[in-house]
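Working notes, structure below.
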Protein chains: 2
Amino acid sequence: MTEKDYEKARIAVDAVIFTVQDKSLKVLLHAREKEPFKDKKELPGGLIRGNETAEDTLKRKLQEIIGQQDIFFQQFFSFTEPSRDPRERTISIGFIALVNSENIGHINEWYAFGSLPELAFDHKKIISRAKHYLKENVSSLIVKQFMPKQFPLNKLQEIYELIEEIKYDNRNFRKKMITSGIVEETPDIEKNVSHRPAKLYSFKI
Amino acid sequence: MTEKDYEKARIAVDAVIFTVQDKSLKVLLHAREKEPFKDKKELPGGLIRGNETAEDTLKRKLQEIIGQQDIFFQQFFSFTEPSRDPRERTISIGFIALVNSENIGHINEWYAFGSLPELAFDHKKIISRAKHYLKENVSSLIVKQFMPKQFPLNKLQEIYELIEEIKYDNRNFRKKMITSGIVEETPDIEKNVSHRPAKLYSFKI
DNA sequence: GCAAAAGTGTTATTGGTACACCCATGC
DNA sequence: GCATGGGTGTACCAATAACACTTTTGC
């Protein structure tokens, strides 16, 4: 092959699936069973099929992994280093996917973003770019994906703080969420907590 | 081929090269010389080579088309519809590139974004997504790419207005640019204009 | 002196920031 | 009654929005 060759390549999608658990931002990783990078952790993903868009592939993979259809996801970057896969040229279309930590009890492969294990391929770079994208694009639509239908405002503040890596003043945060019309009070309150139970809110939009 | 096949594909980059000329946002298009879509307009772009990243390919193409090395560009989306190229499966990594309308006098294939001709492939969709990306991500870094070293503030306002598709109050716009430290006055003024000559400003950052 | 675009200040409103104490519940 | 997190109001400052007339130049 000369440098002028227009080589074909395999097309993969890689999903950086985020959730929030135990006050930390987590990413789903699988252990690799084969070489290369055997026993290292990797992002879930796979090759696209002949009749699929990258988005179709991602939906199929999310169904396999999480067993849900309606998961929020978004392309954020395509990784094209010629040597990123040592076997054969493979470009990867990177996606973020966001899941609410309820209803994922069956999955126990979540790793805190702040202390990731060693990763296969360029997956460390993919995750770090995904997190950066998330931070630069926070919005109520984004944080909504992490929340149950009803939630205490302090839980919502926690999500913003984890994504943006800043702290908010609790009084100002509450005022902003309520006056900007992002959330509204529900008639319900927290149950079975050993402190004053919080009012529950829901997204208005 | 069954639907389970993991087909390889050609990888292309397509560049939506924007500039501002005659108070309008323009895009560079070439006429296709071959089928399919012969004589329709298309975005400049090309296939990536075996030893290139998508970014390398784009740099090479920009050098060929514009003859400059230091052009600002950024990935914004990858297009993966299986049928987007009728010949053979080809995915396209979409880039925006931004050029200052000085020093592009030799290129006369600019088309106003507001009145584009018929386009080959899915290039209409690519351009519309590129424009949306530009609008959602305006920043001083972005507008800077369209400006010469020194410019009147009203010229800068024009760029913001074209990208964001809104109008600014001239007094408030000037105040904001100056007090936020984005620009600074230079000792120079406009020449050879048949009206009051404007002070020239430059980017501070 | 006319056409064309440049340049300028004040006021009102809104949104953001800073800050400390009491409240409701379970154990 | 103590530990735990929930919940609240005010004052100050900064940023934004609305608004109309004068200035400088070339012709």
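Each chain gets a letter, A, B and so on, in the order its sequence line appears, and its residues count up from 1.
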For the pair made of CD in A:E158 and P in D:dG6, what is the distance, rounded to whole Å? 10 Å

State whether a side-chain donor-acceptor pair under 3.5 Å links B:N170 with B:Q157. yes

Answer whether the closest heavy-atom distance between the side chains of A:Y6 and B:I48 falls below 4.5 Å. no

Return the value, rounded to whole Å, for the distance between atom CG of A:N170 and atom P of D:dG9. 13 Å

Residues 176-201 of chain B vs ring pair (Phe, Tyr, Trp, His ring centres under 6.0 Å), sequence neighbours excluded, gives none

Rounded distance in Å - CG (B:D169) to P (D:dA15): 18 Å

For D:dT8, does either OP1 or OP2 sit under 4.0 Å from a side-chain N or O belonging to A:K199? yes

What's the CZ-P distance between B:F173 and D:dA17, to the nearest Å? 13 Å

Any donor-acceptor pair under 3.5 Å linking the side-chain atoms of B:Q68 with those of B:Q63? no

Name the closest nucleotide to the A:K175 side chain, picking from D:dG26, D:dA17, D:dG9. D:dG9

Roughly, in whole Å, what's the span from CG in A:L153 to C1' in D:dT8? 13 Å

Hey, where on DNA chain C does chain A first and last touch, going 5' to 3'? Cut-off is any atom under 4.0 Å from a heavy atom. C:dT17 to C:dG26

Could you say whether B:R196 or A:K176 is positioned toward the 5' end of DNA chain C, judged by the nucleotide with the nearest heavy atom to each? B:R196

Check every strand shown and say whether A:N172 touches a base, only sugar-phosphate, or nothing at a heavy-atom separation below 4.0 Å. base

Using a strict threshold of under 4.0 Å (side-chain N to carboxylate O), is an ion pair present between A:E88 and B:K8? yes

Assess, by modelled atom type and distance only, whether the side chains of B:S78 and A:S78 contain a donor and an acceptor separated by less than 3.5 Å. yes

Atom-pair distance (NE2 on B:H195; P on D:dC27), nearest Å: 11 Å

B:Y168 vs A:L200, nearer the 5' end of DNA chain D by closest nucleotide: A:L200

CZ of A:R174 versus C1' of D:dT8: gap in Å, rounded? 9 Å

Do B:I93 and A:I91 have side chains that get closer than 4.5 Å, going by heavy atoms? yes

To the nearest angstrom, the CZ-P distance between A:R171 and D:dA11 comes to 13 Å

